[in-house]
Protein chains: 2
Amino acid sequence: MPLSFKNIPPTKRPENINISLSSINEEYKCAMSVDCVIFGYDAEEELKVLLLACNMTPYDGLWSLLGDLIQPNEDLDHAPKRIFKERAGLENVYYEQVKTFGDISRHPLGRVISTAYYSLVQISSIPISSHLKDRVRWKSISEVGQLAFDHNQILDESLQRLRQRLREAPIGFDLLPDKFTLAQLQTLYEVVLDIELDKRNFRRKLKSLDILEDVGEYQKEVHHRPARLFRFNKARYREQRQRGLKFEL
Amino acid sequence: MPLSFKNIPPTKRPENINISLSSINEEYKCAMSVDCVIFGYDAEEELKVLLLACNMTPYDGLWSLLGDLIQPNEDLDHAPKRIFKERAGLENVYYEQVKTFGDISRHPLGRVISTAYYSLVQISSIPISSHLKDRVRWKSISEVGQLAFDHNQILDESLQRLRQRLREAPIGFDLLPDKFTLAQLQTLYEVVLDIELDKRNFRRKLKSLDILEDVGEYQKEVHHRPARLFRFNKARYREQRQRGLKFEL
DNA sequence: TCAAAAGTGTTCGGCTTACACCCATGT
DNA sequence: ACATGGGTGTAAGCCGAACACTTTTGA
């Protein structure tokens, strides 16, 4: 026999929350943080992720994602932007919320609930000063070993999400320089999605989407026939979208 | 000229977090909550969402989603389960995390960061006792007006997510009774996705997926030729998945 | 002249779409 | 007998997959 719906009595609820905000935190000992999965790419190579050396017991010696507590006066969605700016000197980074991780014991120092964001950058856009070389590192996705905290899970879910989004929206361009060749773009998809693509089919597809702009320039300093350079045209993409064309790869 | 990567000095970070967990909360005045977007369906009707009357200024008189603070001793992903059980007497509900909403001013009483989950139930599985009829209500998606807090945004994003997931995974069955007709299933898809489907194509598609089990029974108490009843076969679905067959509609 | 990658069309099969009539049941 | 939805097959078009050779450049 099904139970019936139990409403919290109207009088009880607001007071509860009121109490929370002045006193519940002491009881909860809970902090909110953000973890950033910064994916990076250099043409022709592997997909990488930016990691920091962790020096918190019991995770000393492991690598971790870049995280920070949320400031009392900032919107959740603003925190990653601040972190990119403060910690890596980056602005206008593409990022997207993935998921919030809140197991009780995910953090050794107490309850820290963390919202994961992934972001896409070119590796060259984050120069790592030499005195930090042993504490900050790009690691290939396939070579990431055990990470601190629950960061392996966070990385996994972020990668899954990145792959899904990459198939249904033109976000890959954020991993490439402004001007790129079709071969570079194809390799990007192959590397990130871990699939092989047919050159002719890939090019036909992109031509049909009509979201690239022929820069009119060619590759330089290359030991073979230089390729045309293209640029992603966001305005044209929006046009195509309105006409009902769906990006899909 | 690009800035170089700025690491937080190794000595500073752990202490910071340590301090947080004992004292930062008083400073932050931040609470974590969960909001549940409970989608419900009754064969042949519209997709609905369960709403509660809100009695918190300045939202008095508006409807809101079902939410609650997270308990200090429970995993984030466990909170919805507890809420379904405590507040609606429901167990074994399908639910999925959607997104976390954390704008500073989203809650009138202070900073409340809330993680949204959507869930799928049959409307008949939540009997609403008569003395609560004016405080708890199923509303058709299309008739939901202004909600309290940022709950319109939460509902929108949850619905988007539900629609996306419904197209790529066999989750619709959670909205239907154990045994259902193909017409009911088709109507479900049409109603939730707001599209029209061709009867013959729909049936062929489902036959090819081979994830339904013919119960061998027929509809009863119906004023026309009774339809066969089917049941979703989860094991068979997993088999098909392993063979590489992708659910898609 | 050689090496290396750029660039380019066509065919085939499978999936999606569109479409109309007879059947079984209750009243 | 009639009204109501249940149940079924076929043809056309589109899209994705497979596949090989010529061209251009630098060394």
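Throughout, protein chains are lettered first and strands after them, A, B, ... in sequence-line order, and every chain is numbered starting at 1.
A donor atom on one side chain and an acceptor atom on the other are not found under 3.5 Å apart for A:Thr181 and A:Gln219.
Considering CZ of B:Arg167 and CG of B:Leu162, their distance stands at 11.5 Å, rounded to 0.5 Å.
When the C1' atom of D:dA18 is taken as reference, atom CZ of A:Phe202 falls 17 Å away, rounded to whole Å. As rounded to whole Å, 13 Å separates atom P of C:dA20 from atom CG of B:Asn201. Here D:dA11 presents its P atom at 16 Å from CG of B:Asp198, a figure rounded to the nearest Å. With rounding to whole Å, A:Arg228 atom CZ is found 13 Å from C:dA6 atom P. Remark: C1' of D:dA18 and CZ of A:Arg203 are 17 Å apart, rounded to the nearest angstrom. Atom pair A:Leu209:CG and D:dC15:P shows a separation of 12 Å (rounding to whole Å applied).
Judged by distance alone with a 3.5 Å cut-off, a donor-acceptor contact links the side chain of B:Arg200 to the base of C:dA20. Side-chain atoms of A:Lys205 and base atoms of D:dG16 include no donor and acceptor less than 3.5 Å apart.
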Would A:Tyr118 and A:Leu120 satisfy side-chain contact (heavy atoms from CB on, under 4.5 Å), going step by step from the backbone distance to the final call?
CA-CA 7 Å; A:Tyr118 78 83; A:Leu120 304 178; 4.1 Å; yes
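Here D:dT25 is the nucleotide among D:dG26, D:dA20, D:dT25 with the atom lying nearest to any side-chain atom of A:His224. With D:dT24, C:dT25, C:dC19 as the choices, the nucleotide that has an atom nearest any side-chain atom of A:Arg225 turns out to be D:dT24.
Listed pair A:His223 / C:dA4 fails the phosphate criterion, with no side-chain N or O lying under 4.0 Å from OP1 or OP2.
Note on A:Arg204: a base of the nucleic acid sits closer than 4.0 angstrom, heavy atoms only.
Screening B:Tyr94, B:Phe247, B:Phe173 for a ring pair (Phe, Tyr, Trp, His ring centres under 6.0 Å) involving B:Phe232 leaves a single residue, B:Phe173.
DNA chain D is contacted by both B:Tyr218 and A:Pro226; B:Tyr218 maps to the nucleotide lying nearer its 5′ end (nearest heavy atom per residue).
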